[in-house]
Number of protein chains: 2
Amino acid sequence: MRRPTIADIARQAGVSKGAVSYALNGRPGVSEATRARILAIAHEIGWQPNSAARALNGARAEAVGLALCRPARFLGMEPFFMELISGIESELAARSCALMLQVVRDHETEMAVYRRWWGEGRVDGAILVDLHVDDPRVPEMRALGMPVVVIGHPSAAGSLVPVWSDDGAAVRETVEYLAALGHRRIARVAGLPRLVHTVIRDRAFEEVCSALDLAESGTMHTDYTGEEGARATRRLLSSPRRPTAIVYDNDIMAVAGLSVAQEMRLDVPADLSIVAWDDSPLSQVVRPPLTALSRDISAYGAHAARRLLALIDGADPGPLEDEAARLTPRGSTAPPSRP
Amino acid sequence: MRRPTIADIARQAGVSKGAVSYALNGRPGVSEATRARILAIAHEIGWQPNSAARALNGARAEAVGLALCRPARFLGMEPFFMELISGIESELAARSCALMLQVVRDHETEMAVYRRWWGEGRVDGAILVDLHVDDPRVPEMRALGMPVVVIGHPSAAGSLVPVWSDDGAAVRETVEYLAALGHRRIARVAGLPRLVHTVIRDRAFEEVCSALDLAESGTMHTDYTGEEGARATRRLLSSPRRPTAIVYDNDIMAVAGLSVAQEMRLDVPADLSIVAWDDSPLSQVVRPPLTALSRDISAYGAHAARRLLALIDGADPGPLEDEAARLTPRGSTAPPSRP
DNA sequence: TCTCGGTACTTATCCGGTTCAGCTCGCGGT
DNA sequence: ACCGCGAGCTGAACCGGATAAGTACCGAGA
């Protein structure tokens with residue numbers, strides 16, 4: 001049972017392939033009567049345009065690509081990516097545009113996938129995430145000539161269109177808030193040091209700490225997993241002059257850190273204040289609920305998707321600075337009991 | 001800057017398109033010297049086969065489809081789907097097969113998307129989830145003739161290949177465990193009543209309760225959200241003869257239920273035992289950590305993906321019963337203090 | 001020397017659409 | 001009665017590959 005083609009419709013309607021094409025695409029060149037007849041036949045035999053044939057004539061793929069470079073099994077654990085994807089989807093779905101998703105091992109494979117998708121005409125554009133310092137993907141994407149939106153700071157996006165939020169401001173707000181509560185020793189459990197946004201947060205943290213004269217504050221880098229977050233917390237809390245507040249770069253580590261603190265019989269927030277970056281159900285269900293840097297990640301993804309669609313449409317959307325994360329105080333932060 | 005085609009390679013190499021095609025596909029018909037020359041040129045000018053042109057000749061799309069029928073913003077909150085997707089991805093990635101993801105409003109749109117993808121030759125197969133009772137998608141998919149793997153019980157999968165786990169056994173194990181602890185009034189906060197697996201769990205729950213003579217047990221249906229889970233819990237715990245144990249159909253509701261119990265100054269597990277369906281970081285970080293029905297959702301997705309790939313390859317994989325969820329006792333279950 | 005067989009190609013056709021250059025009407029104007 | 005014009009349609013080329021069929025050439029065997 002072969003798929004019906006316009007040739008089948010043409011035969012049944014007693015007209016040529018060309019006429020059928022005009023009719024189905026709502027272009028002039030056929031009478032209304034013929035058009036109606038052709039549409040009826042097309043509907044009746046369940047015709048669907050073959051995207052391959054369309055694409056061959058230079059049409060859109062109506063899909064955008066997202067290759068994620070991380071172990072597939074971590075994906076489900078990262079609320080950030082899942083919310084980002086759902087935000088992207090919400091925007092794409094409205095335009096019946098699909099998302100091509102592929103999890104890859106490393107950045108070389110990632111670029112190979114993009115190159116293939118683009119070369120094969122399977123996607124109209126892509127969204128680049130997890131920007132590194134001096135990321136080779138930026139110039140490579142540029143060279144490919146594919147429409148790309150980068151989720152990350154403009155300073156690293158080269159000539160690609162960036163969508164970002166001001167992490168520096170969020171870091172400053174958090175540290176100033178903790179300092180106002182009376183904290184003097186604030187630690188930061190950060191993510192991968194080679195990621196651009198980690199570097200930005202690192203720098204902002206250092207600056208605000210030195211501005212507020214918080215000499216004993218410092219940053220530890222991890223891989224974002226709960227395990228490393230727990231380990232870092234254990235080390236921090238074991239030191240003689242342990243911090244009275246810890247700021248985590250994601251919610252998974254913050255929650256893991258909370259568990260460690262409770263294991264070590266420290267009271268949160270009396271003995272230790274905790275701030276999580278990125279709000280998620282996770283940060284809200286633990287006791288105490290975590291003070292978090294919340295932002296609408298979904299909207300973030302939606303903005304990136306919308307900009308990408310504009311780019312694909314030939315527009316020239318400028319960079320977009322999304323809202324910075326807002327500090328949402330909950331039960332995990334308080335003045336230190338013994339500063 | 002046009003994309004290079006085999007015609008460009010042919011011109012540079014001074015041979016015909018046909019020879020280039022043979023060379024690039026590793027088929028006999030060209031000398032090794034010519035083949036090497038052609039491959040070198042192809043590599044040099046960065047040639048990629050145009051998938052549209054390939055597809056036109058009946059080749060694979062090298063992508064499988066997944067249309068999810070739910071609000072996009074809920075996606076990020078559902079650990080189940082995210083883990084399922086990462087499991088699917090892990091299997092697909094190994095074969096360089098992409099996942100076409102689209103979030104849709106309703107089942108009609110979902111079928112329209114599948115029909116389009118299949119008709120357009122953009123996917124080689126699909127994975128069907130969230131099976132309903134008398135799901136019209138099953139016969140429609142069958143009629144399409146597209147390779148499809150259903151995640152759900154065989155009784156509802158018609159002639160499509162099912163991948164499922166025995167929810168009935170898990171329900172029985174849970175109720176028997178709670179009864180053994182001394183619980184007599186066990187409530188169940190279930191998911192959407194029209195979903196096949198809800199019906200299966202409902203029936204198993206009813207059967208085991210009547211077998212164990214737990215007359216005061218019952219099921220409340222919700223939409224899986226934390227809000228409804230909390231509401232159901234509030235109603236259950238407000239009743240004069242409140243249950244001493246509640247089994248939730250997902251982790252989000254279980255965590256919400258835990259919060260409600262704590263709000264109402266009930267001690268978990270002394271006053272109320274809680275069991276969550278599906279284990280996730282969420283169930284492990286709350287205090288007390290939740291006893292959960294854990295299963296490897298990632299593997300579940302991977303199995304479905306593998307079967308789909310086999311189906312696409314023309315094999316005839318039988319149904320696959322995956323492992324049933326195992327009861328993982330944690331701190332949220334104990335004998336009732338006042339039965 | 002002629003044929004046979006195989007290698008190394010070329011040529012032509014096909015896939016299913018889009019698009020464009022004609023072609024054929026019927027009709028209005030003169 | 002004839003021309004011009006445009007609506008409505010046809011036929012064919014084209015997109016970029018895969019592939020079946022055909023051809024040129026070379027060396028071995030009769």
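Reminder, nothing fancy here: chain letters follow the sequence lines and each chain counts from 1.
Within 4.0 Å of A/Q48, counting heavy atoms only, lie sugar-phosphate atoms of the nucleic acid but no base atom. The residue B/V15 sits close only to the backbone: its heavy atoms come under 4.0 Å of sugar-phosphate atoms, none of a base.
With the nearest nucleotide of DNA chain C identified for both B/A19 and B/A53, B/A19 has the one nearer the 5' end. Residue whose closest nucleotide on DNA chain D sits further toward the 5' end, between A/R37 and B/G18: A/R37.
Checked by atom type and distance alone, the side chain of B/Y300 never pairs as donor or acceptor with a backbone atom of B/D322 at under 3.5 Å. One N or O on the side chain of A/Y114 and one on the backbone of A/A67 form a donor-acceptor pair closer than 3.5 Å. In terms of modelled atom types and a separation under 3.5 Å, the side chain of B/E62 and the main chain of B/C97 share no donor-acceptor contact. Listed for the B/R35 side chain is a donor-acceptor partner under 3.5 Å among the backbone atoms of B/R27.
Regarding A/D8, its CG atom lies at a distance of 13 Å from the C1' atom of C/dC15, rounded to whole Å. B/Y22 has its OH atom 8 Å from the P atom of D/dT19, to the nearest Å. Atom pair B/N50:CG and C/dC15:P shows a separation of 18 Å (rounding to whole Å applied). Between B/R11 atom CZ and D/dG17 atom P there is a gap of 12 Å when expressed in whole angstrom units. Rounded to whole angstrom, the span from the CG atom of A/L24 across to the P atom of C/dT18 amounts to 8 Å. Atoms NZ (B/K17) and C1' (C/dA8) sit 19 Å apart, rounded to a whole Å. Spacing between atom CD1 of B/I45 and atom C1' of D/dG16 amounts to 13 Å, rounded to whole angstrom units. Protein atom CZ of A/R27 is 9 Å distant from nucleotide atom P of C/dT18, rounded to whole Å.
Taking side-chain N and O atoms only, A/S31 has no distance below 4.0 Å to OP1 or OP2 of D/dG8. A close approach under 4.0 Å does occur between a side-chain nitrogen or oxygen of B/S16 and OP1 or OP2 of C/dT10. In this model, the phosphate group of C/dT18 is approached by a side-chain N or O of A/N25 to a distance below 4.0 Å at OP1 or OP2. Residue A/R54 has no polar side-chain atom (N or O) positioned under 4.0 Å from OP1 or OP2 of C/dG16. Between A/S21 and C/dT19 there is no side-chain polar atom (N or O) within less than 4.0 angstrom of OP1 or OP2. Contact annotation: A/W47 side-chain N/O to C/dG17 OP1/OP2 distance is under 4.0 Å.
For a distance-only test at 3.5 Å, the side chain of A/N57 qualifies as a donor-acceptor partner of the base of C/dG17.
Ion pairing of B/R95 with B/D313 is present here, as a side-chain N (NZ or NE/NH1/NH2) and a carboxylate O approach within less than 4.0 Å.
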